[in-house]
Asks: 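Got a structure here, written out as structure tokens. Questions coming.
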Number of protein chains: 2
Amino acid sequence: MGTMADVARKTYGQFCGLAHALDVVGERWTLLIVRELGTGPKRYTDLADALTGIGTSLLATRVRQLETDGVIQRRLAVGQPGSAVVYELSEAGRELALALIPLATWGARHQMTDADIGREAFRAEWLLSFLAADLTGDTDPGPDAVYEFHIGDSSACLQVRGGRMRVAPGPAATPPDVTVRAAAPTVAALLGRQLTLSDAVRSDQVDISGDAAATDALVALIESHLALS
Amino acid sequence: MGTMADVARKTYGQFCGLAHALDVVGERWTLLIVRELGTGPKRYTDLADALTGIGTSLLATRVRQLETDGVIQRRLAVGQPGSAVVYELSEAGRELALALIPLATWGARHQMTDADIGREAFRAEWLLSFLAADLTGDTDPGPDAVYEFHIGDSSACLQVRGGRMRVAPGPAATPPDVTVRAAAPTVAALLGRQLTLSDAVRSDQVDISGDAAATDALVALIESHLALS
DNA sequence: CTGGATCCAAGCTGATACTG
DNA sequence: CAGTATCAGCTTGGATCCAG
């Protein structure tokens, strides 16, 4: 008789785009799964690890539902060590991830204070996705380069290539052009405008090293991000 | 000892804009309340009426929480008949409403089929907000005019003024320049591209009457909306 | 008209155990 | 590694009735 999981999902029952979107991605954890997959395919345990508190059972349910709704796809990764199955966004899922950027920006501007950073989980790629999203389109991203960030004990990298920015979790695959190091509270102070980037660099709270031209471009990018956020 | 309502709300505990946004507006019904207030201040019963199924107790809870989070404001309406208290979006709330447009657009494009319209609740302003949001910026909205829509038994109007569009529920306060009438399934067929606007007009499934120049502008608006959606 | 109170059902958390 | 199964305890949500 199967698992009997389809007992008619609860919907808002409204002929409205927002209501239909929320019928699919409005439950707890669902949009955070989409966010996680926004920086590339991930395995089940990667998701479980990033989403502290979700519990294996609920994660399995959410992932299954997102798959049947066509937002994500299950795929058998090729040639990788360890187990093979990864989840990745479908085309619709990638569009959804883009549609979330304004919401995330709103949350960062109105609901996120630097006081939170001490108590909360933190991943460098969460901030970088942000910076990248904010700057895509309106700003010159500078020359092609790979920037590697180490914020607290989390690292992520930002690749600029042909005028487009891309974020990936973890250290860069190839040696980065620029490496940035900072403590999480320092980043919080920057975001909260208690500290300027130039002051942080001068006082060694932020260390930026590598190719000079790329460094200058990165500083300009970050400063324009801070200016408009 | 009061109501003991503040027993530490459940949060995702992540230093991330999206997670913080969802901490505030991620619970069931919350974003639909924001959507409802996006077309102007509403009374408690207006909200309860639009949000079929929410239940009075939960609506009160949500509204209270949104108020303490600074998304909406309670206000005593002046000189109106009946009871006085209305809810309206704060500045942060208006920004949130704008941030929801891409999500609503995604839902409409990927999760909403015309087959739903028969079973679902429907309000003309839900569609119009959409059209207005989609077209703001990139398209010439045409001359100043008031368009009144009657779709099924729901009506709403679209005001174009100085190049800006505004949507309001219900019939227009002043006599409209153009009146549009259609049945809900006809609209669904248009959205689903089973029917073109010109065919619908020719076959009297859609009736557009009023000022000729404004009518032409409206047809152009709707067709460009349908083209890009 | 604006909610509060209440009761029951459904969903989520957290922990652990187990399988291919 | 990638899940499924279970299960107790708690939190949310739904539905109905009631009060200022």
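Keep in mind it's a predicted model, so treat the numbers as computed, not measured. Every chain is numbered from 1 and lettered A, B, ... according to where its sequence line falls, protein lines coming before strand lines.
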Asks: Measure from NZ on B:K42 to P on C:dG3 and round the result to the nearest Å.
Replies: 16 Å

Asks: Heavy atoms from C-beta onward define the side chain here; which of D:dG3, D:dG13, C:dG3 lies closest to that of B:Y87?
Replies: C:dG3

Asks: Closer than 4.0 Å, any side-chain N/O of B:R74 to the OP1 or OP2 of C:dT2?
Replies: no

Asks: Any chance you could lay out the salt bridge (Lys or Arg N to Asp or Glu O under 4.0 Å) test for B:R109 and B:D134, step after step, and finish with the verdict?
Replies: CA-CA 12 Å; B:R109 295 195 182 160; B:D134 220 18; 3.6 Å; yes

Asks: Report the distance from atom CG of A:L76 to atom P of D:dA2, rounded to the nearest whole Å.
Replies: 11 Å

Asks: Side-chain N or O of A:Y12 versus OP1/OP2 of D:dG13: is the shortest distance under 4.0 Å?
Replies: no

Asks: Nearest to the side chain of B:T45 - C:dT2, C:dT13, D:dC1?
Replies: C:dT2

Asks: Look at A:R123 together with A:D49 and state whether they make a salt bridge at an N to O cut-off of under 4.0 Å.
Replies: yes

Asks: Check the distance between C:dC1's P and B:R75's CZ and give it to me in whole angstrom.
Replies: 18 Å

Asks: Of the nucleotides D:dG13, C:dT6, C:dG3, which has the atom closest to the A:K10 side chain?
Replies: D:dG13

Asks: Would B:R74 pass as a cation-pi partner of B:Y44, given that its NZ or CZ must be under 6.0 Å from the six-membered ring centre and within 45 degrees of the axis?
Replies: no

Asks: Quick check on DNA chain D: between A:T61 and B:G55, whose nearest nucleotide comes earlier from the 5' end?
Replies: A:T61

Asks: Between A:R64 and A:E67, does any side-chain N to carboxylate O distance fall below 4.0 Å?
Replies: no

Asks: Rounded to the Å, how far apart are A:D46 CG and D:dG3 C1'?
Replies: 14 Å

Asks: Grab the CD1-P distance between A:I54 and D:dA2 for me, whole Å please.
Replies: 15 Å

Asks: Could you check how far CD1 of A:I72 sits from C1' of D:dA2, rounded to whole Å?
Replies: 14 Å

Asks: For a quick check of understanding: with a heavy-atom distance under 4.0 Å over all strands, which category does A:T56 fall into, base, sugar-phosphate or nothing?
Replies: base

Asks: Does C:dT13 have its OP1 or OP2 closer than 4.0 Å to a side-chain nitrogen or oxygen of A:W29?
Replies: yes

Asks: Using the side-chain heavy atoms of A:L58, tell me which of these nucleotides is nearest: D:dC1, C:dG3, C:dT13.
Replies: C:dT13

Asks: Tell me the interatomic distance from B:L51, atom CG, to D:dA15, atom P, rounded to whole angstroms.
Replies: 13 Å

Asks: Of the options D:dG13, C:dG3, D:dG3, whose atoms approach the side-chain atoms of B:R28 most closely?
Replies: D:dG13

Asks: From the list D:dT4, D:dC1, C:dT13, which nucleotide is the closest neighbour of the side chain of A:A60?
Replies: D:dT4

Asks: Looking at A:R75 and A:E88, is there a salt bridge between them, counting it only when a charged N and a carboxylate O are closer than 4.0 Å?
Replies: yes

Asks: How many Å lie between CD on B:E27 and P on C:dG11, as a whole number?
Replies: 16 Å

